[in-house]
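Structure first, then comments.
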Amino acid sequence: MKNPTILAIETSCDETAAAVIKNGEIASSIIASQAELHNKYGGVVPEVAAREHVPVMTPTIDLALKKAGLKLKDLDVIAVTQGPGLATSLHVGIDAAKTLALALDIPLLPINHMEAHVYANFAESEIKFPALVLIVSGGHTMLALMKGHGQIKVIGETLDDAAGEAFDKTAKLLGLGYPGGPMISKLAVNGSPTSYNFPRPMINSKDLRFSFSGLKTSVLYTVQKIRTLDKKTKANLAASVQNAIVETLISKTEQAAKKNKVKTLMLAGGVAANKMLREEFIKLADKLNLEYSIPPMMYCTDNAAMIALAAYYRIVNKKAKFTRNFRAEPNLSL
Ligand code: KG4
Ligand code: ZN
């Protein structure tokens with residue numbers, strides 16, 4: 001298949017998303033977020049998420065097609081997130097994708113959500129391989145080497161919490177709601193990053209492993225000791241936590257870049273939307289004299305355009321394994 005028109009579907013967590021790639025370009029990307037709904041629970045409730053995906057799925061697909069100026073019959077391939085993610089949420093997207101592929105009699109391509117996060121980098125630019133990728137999302141924190149298309153190897157991972165989780169849990173402790181990352185970074189603007197000295201977990205370990213659960217505990221103890229959690233104190237806490245997370249991520253990325261001969265530093269995942277991380281990542285690439293790539297903001301957090309991109313590159317590089325016979329894989333690894 002030379003230049004496939006692809007409809008991609010993503011429902012791994014609390015976003016119902018559909019996107020279209022046409023002539024190698026993203027023609028539409030629609031995201032229906034449930035964040036507001038989960039905000040009152042302080043995190044995503046799986047049953048609620050799955051139930052909400054169902055009525056929103058078809059209108060989201062319709063809108064993605066309409067925006068791309070296409071009809072169902074114009075599609076060559078359907079791509080869908082297979083995992084990792086919440087089982088109940090994944091099922092909704094997979095069922096929709098299987099039904100469409102069967103009805104239209106076109107190939108179906110299951111896609112790894114984490115690979116797709118990496119492919120968000122290909123929305124606007126080509127990447128020089130080999131590349132080192134820092135993948136930071138709500139459920140994952142990984143360093144990986146990408147030697148070419150479809151060749152991504154994990155070289156470092158978190159032992160416990162993910163970086164996004166550290167943002168989310170801190171936000172919860174500060175009573176900021178969900179998702180925590182954007183709220184912490186907004187609050188951090190008015191705070192001092194050096195007012196609290198939170199631990200930089202495993203920053204001095206000679207390997208590429210991360211650990212963020214101790215940071216969360218340290219924030220908890222600090223908050224418990226504070227009598228009045230006023231606006232300024234919250235801002236200082238947010239700025240200090242953000243500083244600790246970003247510094248740890250950048251330090252490990254630097255270690256990995258020095259250990260492996262790479263041409264490009266790539267950032268991926270929802271936490272890549274963090275302004276401080278984006279700035280520090282660019283500074284690191286400049287310091288190491290490497291090229292860098294950071295996804296456009298709208299393709300950092302969960303979306304279907306990245307699923308479409310991962311599918312597109314798999315297909316044009318003849319690495320696509322089309323099948324209608326697969327199940328949701330909540331723990332799918334890279
Ligand atoms: O990749 P993603 O959308 O979903 C998963 O695959 O997990 O990542 C979501 C994570 C959440 O933990 C959220 O708090 C974090 O990304 N996030 C941020 C920012 N925007 C989203 N973290 C820090 N700063 C942000 N601006
Ligand atoms: Zn994600």
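Because the structure is predicted, anything quoted here is derived from the model rather than measured. Indexing begins at 1, ligand by ligand and atom by atom, following the structure's order.
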Query raised in the report: Which part of S185 is near ligand 1, with near meaning a heavy atom under 4.0 Å away: side chain, backbone, both or neither?
Result: side chain

Query raised in the report: For atom 15 (C) of ligand 1, what is the nearest protein heavy atom, given as residue, atom name and distance?
Result: V271 CG2, 3.9 Å

Report task. Hey, could you give me each pair passing side chain to side chain donor-acceptor pair (under 3.5 Å) that has a residue in residues 237-258? Not counting sequence neighbours. Result -> S195-S240, R200-E247, S205-K252, Q242-N274, E254-K258, E254-K287

Report task. Would you tell me which option among D302, I135, I245 has the nearest heavy-atom contact to atom 3 (O) of ligand 1? Result -> D302

Report summary line: protein heavy-atom neighbour closest to atom 24 (N) of ligand 1 works out as N274 ND2, 3.1 Å

Requested in this report: Provide the number and element of each atom of ligand 1 under 4.0 Å from a heavy atom of G181.
Outcome: 14 (O), 18 (C), 19 (C), 22 (N), 23 (C), 24 (N), 25 (C)

Query - Mode of H117 contact toward ligand 1 - side chain, backbone, both, neither (heavy atoms, under 4.0 Å) - result: side chain

Query raised in the report: Are F281 and Y292 close enough that their ring centers fall under 6.0 Å?
Result: no

Query raised in the report: What protein N/O/S atoms lie closer than 2.8 Å to the Zn ion (ligand 2)?
Result: H113 NE2, H117 NE2, D302 OD1

Query raised in the report: What atoms of ligand 1 come within less than 4.0 Å of a heavy atom belonging to G164?
Result: 12 (O)

Query raised in the report: Does the ring of Y313 carry K319 above it, NZ/CZ under 6.0 angstrom from centre and within 45° of its axis?
Result: no

Query raised in the report: With atoms numbered from 1 as shown, which atoms in ligand 1 lie under 4.0 angstrom from a non-hydrogen atom of D168?
Result: 11 (C), 12 (O), 13 (C), 14 (O)

Query - Side-chain donor or acceptor of S89 paired with backbone N/O of A49 under 3.5 Å - result: no

Report summary line: Quick note on ligand 1: atoms under 4.0 Å from a heavy atom of G139 include exactly 7 (O)

Report summary line: For H113, the atoms of ligand 1 under 4.0 Å from one of its heavy atoms are 6 (O)

**Report entry** P179 N/O under 3.5 Å from ligand 1 N/O
**Finding:** no

Query - Nearest neighbour in protein (non-hydrogen) for atom 17 (N) of ligand 1 - result: G270 O, 3.6 Å

Requested in this report: Just jot down the ligand 1 atoms closer than 4.0 angstrom to any heavy atom of T301, in number order.
Outcome: 3 (O), 21 (C)

Query raised in the report: Is R51 salt-bridged to E47, going by a charged N under 4.0 Å from an acidic O?
Result: no

Query raised in the report: Are H53 and T16 close enough, and set up right, to give a side chain to side chain donor-acceptor pair (under 3.5 Å), and what steps lead you there?
Result: CA-CA 6 Å; H53 280 308; T16 319; 2.8 Å; yes

Query - side-chain contact (heavy atoms from CB on, under 4.5 Å) between Y178 and L37, intermediate numbers included - result: CA-CA 10 Å; Y178 170 87; L37 182 71; over 6 Å; no

**Report entry** Hydrophobic cluster (4.5 angstrom, side-chain heavy atoms) - remaining members for L159
**Finding:** M202

Query raised in the report: So, H117 versus D302: side-chain donor-acceptor pair below 3.5 Å or not?
Result: yes

Query - Side-chain ion pair, D105 and R324, N-O less than 4.0 Å - result: yes

Report task. Could you walk me through whether E291 and S293 pass side chain to side chain donor-acceptor pair (under 3.5 Å), step by step? Result -> CA-CA 7 Å; E291 300 210 3; S293 169; over 6 Å; no

Query raised in the report: Which atoms of ligand 1 have any heavy atom of A273 under 4.0 Å away?
Result: 20 (N), 26 (N)

Do any side-chain atoms of residues 212-229 form donor-acceptor pairs under 3.5 angstrom with protein atoms, and if so which ones, sequence neighbours left out?
from, atom 1, to, atom 2, distance (Å)
S213, OG, D160, OD2, 3.2
K216, NZ, D161, OD2, 3.1
T217, OG1, S213, O, 3.0
T222, OG1, S218, O, 2.7

Query raised in the report: Are P182 and ligand 1 in contact, using a heavy-atom cut-off of under 4.0 Å?
Result: yes

Requested in this report: Using a strict cut-off of 4.0 Å, indicate which atoms of ligand 1 neighbour a heavy atom of G138.
Outcome: 5 (C), 7 (O), 8 (O), 9 (C), 10 (C), 12 (O)

**Report entry** For G93 against M57, the heavy-atom pair lying closest together
**Finding:** CA-SD, 4.1 Å

Query raised in the report: Is the Y119 to H149 ring centre distance short of 6.0 Å?
Result: yes

